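Everything numeric in this text was worked out from a predicted model, so none of it was measured. Naming: A, B, ... by sequence-line order, numbering from 1 per chain.
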Amino acid sequence: MAGDPVDIAPWLLNKVLVKGDRVGRIVEVEAYKGSIDPASHAFRGKTPRTSVMFGPAGFLYVYFTYGMHWCANVVTGPEGQASALLIRALAPLRGVDEMRQARVAARRDRDLCNGPAKLCQALDITGADNGTDLLARPKATPSGTLAGNPSGPVAAVRLLDDGTPPPEHPAQGKRIGIRVAKDEPWRFWVAGDENVSR
DNA sequence: CTTTGGATCGTCT
DNA sequence: GACGATCCAAAGG
């Protein structure tokens, strides 16, 4: 998994994002092309905040915005190019009760994860998760519990493939909520899915 | 259903 | 010292 995020975006659709007991299927992403993309946080070079994006693919870049929101990206490499895919929406699969506790404002299930900051709130993804290796396998101990946490599953973020293939014809359009390079059609989503944002 | 305005703080200049 | 890759509540059709 390394290359142009626009090429990788359709592949990321229908993959599964997990944190602890909370699970969702990725139904909407946006590509950011690092140093050649004025809308990318990495456009003006490497800073402490964006350093994860300059690393290898498969890691999680979490940033804070608008004074109150966290957003999560999958770094797509290749190393040094700072390409990333912003996860914009999930279809909740498991842990809906926990998600609702984290997001009391959600009226229906589809309000839980239909936005980049909402899904971070629902899955409890914060700056503490920045730099997580999304493809690392959780380490099981002989007793069946997970290493480093005696009281259950490790609450680390992981990206999984549950066998659902990407959509054959993903919808594609302009990115949302940016002020520059807004005409680039680098947003991809699962056509017709009710959890897509907006 | 759509539109509008306000909140709030980590990061970089 | 300014600015967001946003969300939500309230108000209007």
Side-chain angles (χ1 to χ4, degrees), chain A residues 4-10 12-13 17 22 24 26-55 57 59-77 81-92 98-132 134 157 159 170-190 192-198:
Chain A
D4 189 325
V6 170
D7 297 333
I8 298 175
L12 190 60
L13 292 175
L17 194 70
R22 311 179 202 189
I26 297 173
V27 295
E28 183 184 2
V29 298
E30 270 178 9
Y32 286 86
K33 290 203 187 195
S35 56
I36 65 164
D37 180 2
S40 170
H41 289 169
F43 183 62
R44 288 174 210 291
K46 187 175 179 177
T47 68
R49 177 177 63 145
T50 61
S51 64
V52 174
M53 273 199 285
F54 287 81
F59 283 74
L60 187 69
Y61 166 52
V62 181
Y63 68 90
F64 188 78
T65 190
Y66 291 97
M68 55 194 122
H69 297 303
W70 297 100
C71 296
N73 303 249
V74 178
V75 176
T76 61
Q81 285 220 353
S83 301
L85 289 161
L86 170 67
I87 304 174
R88 287 195 56 89
L90 303 175
E98 288 92 336
M99 292 185 193
R100 295 205 80 104
Q101 284 175 28
R103 288 188 37 72
V104 182
R107 285 194 60 75
R108 324 166 224 183
D109 283 356
R110 72 191 213 222
D111 298 322
L112 289 170
C113 300
N114 63 343
K118 295 180 187 178
L119 68 91
C120 285
Q121 216 178 328
L123 296 211
D124 188 32
I125 294 173
T126 70
D129 297 300
N130 189 42
T132 300
L134 290 167
V157 185
L159 183 65
Q172 180 174 1
K174 295 176 183 177
R175 295 182 291 185
I176 293 176
I178 54 177
R179 303 176 94 101
V180 293
K182 39 174 69 157
D183 291 334
E184 304 289 0
W186 293 343
R187 170 174 168 249
F188 298 83
W189 66 97
V190 177
D193 192 287
E194 64 170 10
N195 296 281
V196 170
S197 66
R198 181 154 98 160

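Looking at A/Cys113 and A/Asn195, their side chains never come closer than 4.5 Å, going by heavy atoms from C-beta outward. Here the side chains of A/Lys174 and A/Asp183 are in contact, with some heavy-atom distance below 4.5 Å. Side-chain contact between A/Asp124 and A/Arg22 is present, with at least one heavy-atom pair separated by less than 4.5 Å. A 4.5 Å side-chain heavy-atom check between A/Ile8 and A/Val29 finds every atom pair outside the cut-off. A/Trp70 has its side chain out of reach of A/Ile125: every pair of non-hydrogen atoms, C-beta onward, lies at least 4.5 Å apart. Residues A/Thr76 and A/Leu12 form no side-chain contact, since every pair of their non-hydrogen atoms from C-beta on lies 4.5 Å or further apart. For the pair A/Leu17 and A/Val157, the minimum side-chain heavy-atom distance is below 4.5 Å.
Note on A/Arg175: nothing from the nucleic acid sits closer than 4.0 angstrom, heavy atoms only. Looking at heavy-atom distances under 4.0 Å, A/Ala39 makes contact with a base. Using a 4.0 Å heavy-atom cutoff across all strands shown, A/Leu86 reaches at least one base atom of the nucleic acid.
Nearest heavy atoms, A/Tyr61 versus A/Thr50: OH-CG2, 3.8 Å. Here the closest non-hydrogen pair linking A/Leu60 and A/Asp129 is CD2-O, 3.6 Å. Considering all non-hydrogen atoms of both residues, A/Leu85 and A/Pro5 come closest at CD2-O, 3.5 Å. Nearest heavy-atom pair, A/Val196 versus A/Val190, reported as atom, atom and distance to 0.1 Å: CG2-O, 3.9 Å.
Note: CZ (A/Arg179) to C1' (C/dT6) measures 12 Å, nearest angstrom. In this structure, A/Asn73 places its CG atom 14 Å from C1' of C/dT6, rounding to the nearest Å. Between A/Met68 atom CE and B/dG6 atom C1' the separation is 8 Å, expressed in whole Å. Rounding to whole angstrom units, OH of residue A/Tyr63 and C1' of C/dC7 are separated by 13 Å. The nearest whole Å value for the distance from the NZ atom in A/Lys33 to the C1' atom in C/dA5 is 16 Å. Between the P atom of B/dG10 and the NE2 atom of A/His69 lies a distance of 14 Å, rounded to the nearest Å. Atoms CZ (A/Arg107) and P (C/dA10) sit 12 Å apart, rounded to a whole Å. Nucleotide C/dG4 holds its P atom 11 Å from the NZ atom of A/Lys182, rounded to whole Å.
Closest approach to the A/Tyr66 side chain among C/dA9, C/dG4, C/dA5 is made by C/dG4 (side chain taken as heavy atoms from C-beta onward).
Between A/Arg103 and C/dC7, a side-chain N or O to OP1/OP2 separation shorter than 4.0 Å is absent. Under 4.0 angstrom from either OP1 or OP2 of C/dA5 there lies at least one side-chain N or O belonging to A/His41. Using a 4.0 Å cut-off, some side-chain N or O of A/Arg88 falls inside it from OP1 or OP2 of C/dT6.
Distance NE2/A/His41 to OG1/A/Thr65: 6.0 Å, rounded to 0.5 Å. The distance from atom OG of A/Ser83 to atom CG of A/Asn73, rounded to the nearest 0.5 Å, is 11.5 Å. Note that CD of A/Gln121 is 5.0 Å distant from CZ of A/Arg103, once rounded to the nearest 0.5 Å. Atom CZ of A/Arg187 sits about 14.5 Å away from atom NZ of A/Lys182, to the nearest 0.5 Å.
Of the residues in residues 109-124 of chain A, those lying under 4.0 Å from DNA chain C by heavy-atom distance are A/Gly115, A/Pro116, A/Ala117, A/Lys118.
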Strictly under 3.5 Å: I want the nitrogen or oxygen pairs between protein and nucleotides 11-13 of chain B, one per line.
| unit_1 | atom_1 | unit_2 | atom_2 | d |
| --- | --- | --- | --- | --- |
| B/dC12 | OP1 | A/Thr47 | OG1 | 2.1 |
| B/dC12 | OP1 | A/Arg49 | N | 3.3 |

Please list, pair by pair, any protein nitrogen or oxygen found under 3.5 Å from a nitrogen or oxygen in nucleotides 11-13 of chain C.
none

Where do N or O atoms of nucleotides 2-5 of chain B meet protein N or O atoms at under 3.5 Å, pair by pair?
none

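Taking the charged nitrogens against the carboxylate oxygens, A/Asp4 and A/Lys33 do have a contact shorter than 4.0 Å, which makes a salt bridge.
A/Tyr32 qualifies as a stacking partner of the C/dA5 base, centre to centre under 5.5 Å and near-parallel within 30°.
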Discussion item. Can you give me the dot-bracket string for DNA chain B, 5' to 3', counting Watson-Crick and G-U wobble pairs with both distances under 3.5 Å, using [ ] for crossing pairs and | for partners on another strand?
Written reply: |||||||.||||.
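Sequence neighbours left out, the pairs with a member in residues 37-51 of chain A that pass salt bridge (Lys or Arg N to Asp or Glu O under 4.0 Å) are A/Asp37-A/Arg175.
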